[in-house]
> 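Just passing along the structure, written as structure tokens.
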Amino acid sequence: MADSDDKQKHQGGEDPAANLVRSKISGLYGHEPEASEEISEVQSEPAKDLSKHQLFMKQLNDSGKSTAEIQTDWHNYYSKLTDYEKHQVWQEFYAYRDNPQPAKVTQPQHHEPKTTIGIFEDPTPKPKRINNLAELKHRSTTSHNTHHNSRRARAKRSLKSLLFGLSLGGVVVLVLLFGFFNDRFIAPFITPSRNVSATPILINPSSTAIGKEPLIIIPKINAQIPVVYNEASVDEASIQNALNSGVVHYATTPNPGQLGNGAIFGHSSGNILNQGHYKFAFTLLKKLDVGDTFMLQKGQKLYVYRVYKKHIVAPTDVDVLNTQDKPATFTLITCDPPGLSINRLIVVGEQISPNPETDKPSTAVSQPAQIKTLPSNSVSLWQRVLHWF
């Protein structure tokens with residue numbers, strides 16, 4: 001009696017092993033082949049060699065329905081098939097895929113079994129027959145592990161992408177913070193003192209030791225900077241190169257001790273990472289006011305100038321190089337605001353010592369017509385960063 005009950009349970013589908021196999025087979029054949037593949041299959045087969053499933057698809061294809069309607073009808077048809085019939089459909093699909101030439105698929109000659117337990121092909125890119133329950137369990141476990149490993153790999157790639165993005169963002173933030181910290185805290189300690197004193201009493205050249213090195217001396221902002229007089233070119237690249245050695249006398253203007261308006265260019269950077277050894281030369285030039293003095297030391301002589309004009313012009317205003325309202329003047333030029341090249345700060349001083357009546361005529365070469373822009377600051381840190389991108 002007990003054996004009879006076990007047999008009935010087994011036939012009734014309550015056997016655990018049978019249920020496990022059924023669930024695996026349902027997973028294997030749960031999804032039908034694409035309708036488009038099935039249509040290609042029936043079109044390549046002679047009508048007399050088509051199976052009942054292929055005949056159904058041929059009727060759908062000949063019905064004039066849309067692709068979406070054909071896919072829906074095919075799905076409904078396939079979902080009502082038994083596992084055995086689904087197995088037949090997949091056999092036909094793989095037979096066509098492996099040999100797309102017209103060929104009849106050999107149909108099984110035995111009757112459909114009453115249960116879904118049997119030997120079927122696994123619908124994978126390379127079908128492999130399942131020989132026993134142990135192999136089916138192994139394949140299921142392998143598939144699960146493969147899917148799990150794939151998810152872990154995707155998660156690892158996502159984590160790496162996230163870390164890269166955060167690292168790049170962190171670098172950008174650090175650069176921005178350094179730029180702010182540099183401008184507010186580091187540069188003030190490197191540039192000339194920002195606490196200017198009152199305008200000093202005029203130095204008497206006859207009682208002051210004069211050196212051989214060409215210099216510009218600006219007592220109010222505690223600046224003493226070499227002056228480059230031997231740069232014969234006025235093109236931007238040449239000027240920028242010469243500015244690495246100090247401030248630069250513009251070759252088309254008079255020298256100290258000559259009549260006319262001489263011009264000297266200097267950098268006014270606000271960042272220690274900008275290019276140039278003298279990038280802070282004229283950073284505090286805006287502190288000079290009318291009545292302040294600056295001096296030019298050249299040829300073991302000291303020339304003193306008193307500021308009488310100060311204004312801001314556009315970079316294209318090259319006429320400031322031709323000031324002729326005083327017999328002998330010198331114009332100091334730098335970018336404004338410091339660190340940028342938007343405008344130019346112009347500070348003009350008239351010679352007060354020695355007497356300009358003793359000055360000689362200018363020996364400067366006339367300004368070339370192609371000069372359209374006053375020299376600018378060197379390339380900034382941010383401009384170099386943007387250039388990299």
Side-chain angles (χ1 to χ4, degrees), residues 213-218 223-269 275-283 285-286 288 294-299 301-305 307-336 338 341-351 356 359-379:
E213 182 183 9
L215 298 172
I216 181 172
I217 304 167
I218 311 176
Q224 181 172 302
I225 310 159
V227 182
V228 178
Y229 285 100
N230 59 358
E231 178 52 62
S233 175
V234 294
D235 67 88
E236 182 70 15
S238 299
I239 295 294
Q240 291 297 330
N241 182 63
L243 284 168
N244 286 324
S245 302
V247 294
V248 178
H249 169 253
Y250 209 59
T252 61
T253 64
N255 284 289
Q258 295 181 350
L259 297 173
N261 178 61
I264 289 178
F265 288 90
H267 281 324
S268 59
S269 175
Q275 295 178 327
H277 300 299
Y278 291 90
K279 50 182 167 284
F280 300 120
F282 280 173
T283 299
L285 191 64
K286 61 183 178 181
L288 290 185
F294 62 87
M295 288 155 276
L296 295 175
Q297 176 179 289
K298 185 177 186 295
K301 289 186 178 180
L302 190 67
Y303 301 89
V304 183
Y305 298 84
V307 176
Y308 72 95
K309 185 168 27 177
K310 173 184 174 183
H311 59 290
I312 294 174
V313 301
T316 55
D317 191 356
V318 295
D319 289 339
V320 296
L321 300 173
N322 301 318
T323 299
Q324 294 293 328
D325 52 353
K326 302 283 184 178
T329 60
F330 245 88
T331 299
L332 310 183
I333 304 174
T334 191
C335 289
D336 186 82
S341 299
I342 300 173
N343 295 311
R344 301 292 185 270
L345 172 65
I346 308 297
V347 175
V348 188
E350 62 175 322
Q351 181 180 323
D359 288 353
K360 300 177 181 180
S362 175
T363 58
V365 180
S366 300
Q367 177 176 322
Q370 66 267 25
I371 299 300
K372 302 296 183 183
T373 306
L374 298 171
S376 65
N377 267 330
S378 61
V379 178

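Index from 1, following the sequence. In this text the structure is predicted, and so the values were computed from the model without any measurement.
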> How close do Pro375 and Ile239 get, counting heavy atoms only, and between which atoms?
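So the two residues come closest at CB-CG2, 3.8 Å.
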
> Ignoring hydrogens, what is the shortest heavy-atom contact between Pro254 and Ser362? Give both atom names and the distance.
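Closest approach of Pro254 to Ser362: CG-OG, 3.4 Å.
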
> Heavy atoms, side chains only, cut-off 4.5 Å: are Phe282 and Ile333 in contact?
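In short, these two side chains do not touch, never coming nearer than 4.5 Å.
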
> In Å and rounded to the nearest 0.5 Å, what is the CZ to OG1 distance from Arg344 to Thr334?
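So the CZ of Arg344 and the OG1 of Thr334 are separated by 8.5 Å.
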
> Is the ring pair Phe330/His249 parallel, tilted or perpendicular, if the boundaries are 30 and 60 degrees?
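Correct class here is tilted.
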
> Are the side chains of Val227 and Lys298 in contact, using a 4.5 Å heavy-atom criterion?
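With C-beta onward as the side chain, the pair stays apart.
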
> Of the non-hydrogen atoms in Gly257 and Gln351, which two are nearest, and what is the gap between them?
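Here Gly257 and Gln351 meet closest at N-OE1, 4.3 Å.
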
> Could you tell me the separation between the CD1 atom of Ile216 and the CD atom of Gln297, rounded to the nearest 0.5 Å?
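Spacing of CD1 (Ile216) from CD (Gln297) equals 11.5 Å.
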
> Between atom OH of Tyr278 and atom OG1 of Thr283, what is the distance when rounded to the nearest 0.5 Å?
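Separation between the atoms: 14.0 Å.
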
> One pair to check against side chain to side chain contact (heavy atoms under 4.5 Å, CB included): His267 and Gln240. What are the steps and the verdict?
CA-CA 9 Å; His267 281 324; Gln240 291 297 330; 3.3 Å; yes

> Quick one: closest heavy-atom pair of Ala328 and Pro356, and the distance?
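Closest approach of Ala328 to Pro356, heavy atoms only: CB-CB, 4.0 Å.
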
> Determine whether Thr253 and Asn261 make a side-chain contact, defined as any pair of heavy atoms from C-beta on separated by less than 4.5 Å.
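In short, these two side chains do not touch, never coming nearer than 4.5 Å.
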
> Side chains of Lys286 and Pro338, heavy atoms from C-beta outward: is any pair under 4.5 Å?
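SC-SC contact between Lys286 and Pro338 confirmed.
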
> Taking the side chain as every heavy atom from C-beta outward, state whether Lys301 and Pro256 have any pair of such atoms under 4.5 Å apart.
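When only atoms from C-beta onward are counted, Pro256 and Lys301 do not touch, as no gap falls below 4.5 Å.
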
> Quick one, Thr373 and Glu236 - any side-chain contact, counting heavy atoms below 4.5 Å?
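Side chain of Thr373 against side chain of Glu236, heavy atoms only: no contact under 4.5 Å found.
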
> Quick one: closest heavy-atom pair of Glu350 and Thr329, and the distance?
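Result for this residue pair: CA-CG2, 4.1 Å.
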
> Any chance you could measure Cys335, atom SG, to Ile342, atom CD1, to the nearest 0.5 Å?
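Here the interatomic distance stands at 9.5 Å.
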
> If I take atom OH from residue Tyr229 and atom CG from residue Leu296, how far apart are they, to the nearest 0.5 angstrom?
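The OH atom of Tyr229 sits 4.5 Å away from the CG atom of Leu296.
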
> If you measure from CG on Leu374 to CZ on Phe265, what distance do you get to the nearest 0.5 Å?
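Answer for the CG-CZ pair, Leu374 versus Phe265, is 5.0 Å.
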
> Hey, are the side chains of Val320 and Val348 touching, using non-hydrogen atoms and a 4.5 Å cut-off?
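In short, these two side chains do not touch, never coming nearer than 4.5 Å.
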
> Counting heavy atoms not belonging to Lys309, are there more than 12 under 6.0 Å from its NZ?
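Atom NZ in Lys309 is packed in, count exceeds 12.
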
> Below 4.5 Å, heavy atoms only, C-beta onward: do Leu332 and Tyr305 meet side chain to side chain?
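The answer is no, as the side chains (C-beta and beyond) never meet within the 4.5 Å cut-off.
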
